[in-house]
Amino acid sequence: MTQPDCTTPSPVLVWVPGVAGTVADGSEPFRIADADDPQLLVTDLVATRGDGVFETIGVFDGAPVNVGPHLRRLGRSAQLVELPSPDLDVLSRAIDAAIEAHAPVPELTVRVMMTRGVEGTGTPTAWIHARTADDWSRYRAGIRVVTLDRGLSTAVAETSPWLLAGAKTLSYAVNMAATREAVRRGADDVLFTSTDGYCLEGPTSTLLVKRGDTWTTTPASAGVLPGTSIASVFAMLEREGQSVREELMTPADVASADAAWLLSSSRLAAPIAQLDDTSLTVDTERSAQILAVLKGQDPQSA
């Protein structure tokens, strides 16, 4: 991954103390903060417990994609971890403020974070961080992926809801450990599998598989994060008359498919060129169309 050089525009931080509602004087319940200045107290439960939720929004040529679906999913994650419901209208305006305050760049990554707040206060902490996106061009050309056992069955959301499967939490230690393991194995990314033998999702991505005119992803009921990217791609495919569905798939199912991708809001569409020891076809034409959709563009122009 290419790191931004010294000419990269500085990141923008928006502090949102009014995440749970508006303020009495009618002013916006957020402020632009200096990203280089301290903001977060060390007693915040996100620092001491990793207790919070987040969303990542891609912004392309100044236009954010899927803000509404991302914020609704943030609200769902907050509900799952029993945080107060955030004011999504406030967060939407704060996202716009962060984008406007950042210098124009082709691709921007905006993270919206909400924590349980300083221990003992009962008041959530929230902030938005906008920065120039990493260079994902190599990943968008095709990646090597290894399967790793997540240690959970596809019934975990029903049998053990306290494990928060399907919530986008800030406790990402396991996901990052899995990514490091992939690198140790000479790969770029991970496809998690369940203890009962099915493919789930990547540490930061959603699985998409093409077999003929049928496109498949893992059902959210298996304990994966409901993907905003997959919803956009499925909408495009349905307009074309393609068949889309949610279905459990084994690693062998994915390895024998016509093509497969890992989708995310910032990296966008990463075609799986190799899964464990099996090479897959990279469908460059479809990849370009999916990439355009995830940027909020017309796929026919790709």
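Here the structure is a predicted model, which means the values were calculated and not measured. Worth knowing before you read on, the calculation uses all heavy atoms, side chains too, and leaves out hydrogens, waters and symmetry mates.
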Problem set entry | By salt bridge (Lys or Arg N to Asp or Glu O under 4.0 Å) - contacts of Arg144 (at least two apart) |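 So Arg144 forms a salt bridge (Lys or Arg N to Asp or Glu O under 4.0 Å) with Asp188.
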
Problem set entry | Which residues share a salt bridge (Lys or Arg N to Asp or Glu O under 4.0 Å) with Asp189, sequence neighbours left out |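 Listed in chain order: Arg267.
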
Exercise. Tell me the ring-ring contact (aromatic ring centres under 6.0 Å, His included) pairs involving residues 155-211, sequence neighbours left out?
Worked result: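 Passing the test, one end in residues 155-211: Phe54-Tyr172.
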
Exercise. Would you say Thr56's side chain and Thr109's backbone share a donor-acceptor pair under 3.5 angstrom?
Worked result: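 It does not hold such a pair.
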
Exercise. Looking only at atom types and distance, does a side-chain atom of Arg93 sit under 3.5 Å from a main-chain N or O of Leu88, one as donor and one as acceptor?
Worked result: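 Not confirmed, Arg93 side chain does not pair with Leu88 backbone.
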
Problem set entry | Ser243 and Trp215: side chain donor to acceptor below 3.5 Å |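 Side chains of Ser243 and Trp215: no pair found under 3.5 Å.
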
Exercise. Any side-chain donor-acceptor pair under 3.5 Å between Ser153 and Asp196?
Worked result: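 Ser153 vs Asp196: no donor-acceptor pair found between side chains.
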
For this session: Show your working on salt bridge (Lys or Arg N to Asp or Glu O under 4.0 Å) between Glu107 and Lys295 and close with a plain yes or no.
Result: CA-CA 9 Å; Glu107 296 190 16; Lys295 285 185 174 183; 3.6 Å; yes

Problem set entry | Residues Ser232, Asn66; criterion side chain to side chain donor-acceptor pair (under 3.5 Å); working and verdict | CA-CA 8 Å; Ser232 296; Asn66 283 335; 2.9 Å; yes

Exercise. How far apart are the C-alpha atoms of Thr214 and Arg245, what are their side-chain angles, what is the distance that settles it, and do they pass the side-chain contact (heavy atoms from CB on, under 4.5 Å) test?
Worked result: CA-CA 8 Å; Thr214 300; Arg245 64 188 183 191; 3.6 Å; yes

For this session: Go through Glu240 and Arg286 one step at a time and tell me if the salt bridge (Lys or Arg N to Asp or Glu O under 4.0 Å) criterion holds.
Result: CA-CA 13 Å; Glu240 292 181 9; Arg286 274 300 188 183; 2.7 Å; yes

Exercise. Salt-bridged, Glu201 to Lys168, with N to O below 4.0 Å?
Worked result: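 No, this pair does not count.
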
